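Encoded as C-alpha cells, the structure appears first; notes follow it.
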Amino acid sequence: MKSLNFKSAFIAALIVQVLGVSAFVASHFVQIMSDAELQANLALALTLIPAVTLGAHTYYRQGHQTNPAALGTAMFAIAIILDALITVPLLVIPAGGDHASFFGDPGFWIIGVLYVSIVVLYHKVRRALKSTKVTNA
C-alpha cells in the first residue's frame, strides 16, 4: 500500500461533507418524525452510505493504493476539521449548540465509525469485483 494522497483525500472528503450536510439540513425542511434531530441524524447516516462510497470511488479511481482504513480515517479527520470550521459555526451555534455538544455527541462518533467502515467495505468490494473480472476473463 502506498501513502495517502492528501489532495485527493481532501476532495473525496469534501464531496462527502457537502452531501452529508445538505442531507442533514434538508431533513429539517421535511419533518416526518417528531424528533427533528433524530430524523436529521438518520438522514445523515443513510446519506453517508452513497456519499462515502462516491468519495472513496473518487479517490481510488485515480489509481491510489492507500490502505482503506487509513483513507477512511483521514477523510473523517478532514470532516472533523470542516465541521469545526464551517458546520458548527454556521449551523450548530446559531441553533443554540456549541462545539462541545456537537463533538461530544456519541452519535457523531458512531457516524465516524460508519464513515470509516464504508470506505473499508467499498475497497473490499472493489477488490473482490476486480478479482472476479480477472478470473472470468
Side-chain angles (χ1 to χ4, degrees):
M1 293 279 160
K2 295 190 180 188
S3 63
L4 180 78
N5 181 296
F6 182 77
K7 179 181 174 188
S8 295
F10 181 82
I11 291 167
L14 189 59
I15 290 168
V16 177
Q17 187 79 7
V18 168
L19 293 173
V21 170
S22 296
F24 186 86
V25 170
S27 73
H28 283 88
F29 291 104
V30 181
Q31 184 139 1
I32 298 169
M33 300 172 67
S34 59
D35 186 343
E37 283 305 306
L38 176 60
Q39 176 181 310
N41 283 325
L42 288 173
L44 173 59
L46 291 173
T47 301
L48 274 185
I49 297 167
V52 174
T53 300
L54 177 62
H57 175 74
T58 300
Y59 182 85
Y60 283 118
R61 77 172 182 197
Q62 296 175 10
H64 303 303
Q65 298 298 317
T66 306
N67 176 295
L71 174 62
T73 302
M75 288 173 62
F76 184 60
I78 292 165
I80 290 171
I81 293 167
L82 292 171
D83 280 338
L85 295 175
I86 300 168
T87 307
V88 173
L90 293 179
L91 300 175
V92 177
I93 292 174
D98 57 20
H99 282 88
S101 65
F102 183 82
F103 292 111
D105 183 354
F108 176 81
W109 298 103
I110 291 169
I111 286 172
V113 170
L114 177 65
Y115 195 121
V116 176
S117 299
I118 293 168
V119 174
V120 171
L121 182 62
Y122 169 81
H123 188 265
K124 288 183 183 248
V125 169
R126 182 175 172 260
R127 284 183 54 192
L129 290 173
K130 278 187 173 183
S131 69
T132 302
K133 285 181 184 178
V134 171
T135 306
N136 290 336

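The structure presented is a predicted model; accordingly, all values stated were derived computationally and were not measured.
The ring pair (Phe, Tyr, Trp, His ring centres under 6.0 Å) contacts involving residues 36-59 comprise Y59-H64, where partners must be two or more places apart or lie in separate chains. Sorted by first then second residue, the ring pair (Phe, Tyr, Trp, His ring centres under 6.0 Å) pairs that include residues 2-26, not counting sequence neighbours, are F24-H28.
When hydrophobic clusters are built by joining Ile, Leu, Val, Met, Phe, Trp and Tyr residues whose side-chain heavy atoms come closer than 4.5 Å, directly or via intermediates, L44 is not grouped with V25. Put simply, Y122 and F76 are part of the same group of oily side chains (I, L, V, M, F, W, Y) that touch within less than 4.5 Å, one to the next. V119 and L19 are members of different hydrophobic clusters when ILVMFWY side chains are connected at heavy-atom separations under 4.5 Å. The hydrophobic cluster containing I118 also contains V16, counting ILVMFWY residues as joined when their side-chain heavy atoms lie under 4.5 angstrom apart, directly or transitively. I11 and I78 fall into different hydrophobic clusters, where Ile, Leu, Val, Met, Phe, Trp and Tyr side chains are chained together by heavy-atom contacts under 4.5 Å.
Side-chain contact between T87 and L82 is absent, with no heavy-atom pair separated by less than 4.5 Å. Contact of the I93 side chain with the H99 side chain is registered, since non-hydrogen atoms from C-beta on lie closer than 4.5 Å. Contact check for T66 versus N5: no side-chain heavy atoms found under the 4.5 Å cut-off. Looking at S34 and Q39, their side chains never come closer than 4.5 Å, going by heavy atoms from C-beta outward.
G55 approaches A12 most closely through the heavy-atom pair O-CB, 3.2 Å. What you find for A40 and S27 is that their closest heavy atoms are CA-OG, 3.1 Å. Considering all non-hydrogen atoms of both residues, A79 and Y115 come closest at CB-CE1, 4.4 Å. Of all heavy-atom pairs spanning Y60 and P68, the tightest one is OH-CA, 3.2 Å. For the residue pair T73 and V116, the shortest heavy atom distance occurs at N-CG2, 3.8 Å. Scanning both residues, S131 and A128, for their nearest heavy atoms gives OG-O, 2.9 Å.
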Give the C-alpha distance, both sets of side-chain angles, the deciding distance and a yes or no for side chain to side chain contact (heavy atoms under 4.5 Å, CB included) between V88 and D98.
CA-CA 7 Å; V88 173; D98 57 20; 5.9 Å; no
Please evaluate residues D83 and Q17 with respect to the criterion side chain to side chain contact (heavy atoms under 4.5 Å, CB included), reporting the C-alpha separation (whole Å), side-chain torsions for both, the decisive distance (0.1 Å), and the verdict.
CA-CA 8 Å; D83 280 338; Q17 187 79 7; 2.6 Å; yes
What do the steps show when you test L114 against I110 for side chain to side chain contact (heavy atoms under 4.5 Å, CB included), and what is the final call?
CA-CA 6 Å; L114 177 65; I110 291 169; 5.7 Å; no
Would you check, one step at a time, whether the test side chain to side chain contact (heavy atoms under 4.5 Å, CB included) holds for L71 with L4?
CA-CA 7 Å; L71 174 62; L4 180 78; 3.8 Å; yes
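Through side-chain heavy atoms spaced under 4.5 Å, either directly or across other Ile, Leu, Val, Met, Phe, Trp or Tyr residues, V113 is tied to no other residue. Counting side-chain heavy-atom gaps under 4.5 Å among Ile, Leu, Val, Met, Phe, Trp and Tyr, the cluster of M33 also holds L38, L42.
A distance-only check finds no donor-acceptor pair linking the side chain of W109 to the backbone of G104 [under 3.5 Å].
Here F102 pairs with F108 under the ring-ring contact (aromatic ring centres under 6.0 Å, His included) rule; sequence neighbours left out. Shown here are the side chain to side chain contact (heavy atoms under 4.5 Å, CB included) partners of V125, two or more places apart in sequence or in another chain: L121, L129.
Here I80 contributes atom CD1 and L85 contributes atom CG; the two are 12.0 Å apart, rounded to the nearest 0.5 Å.
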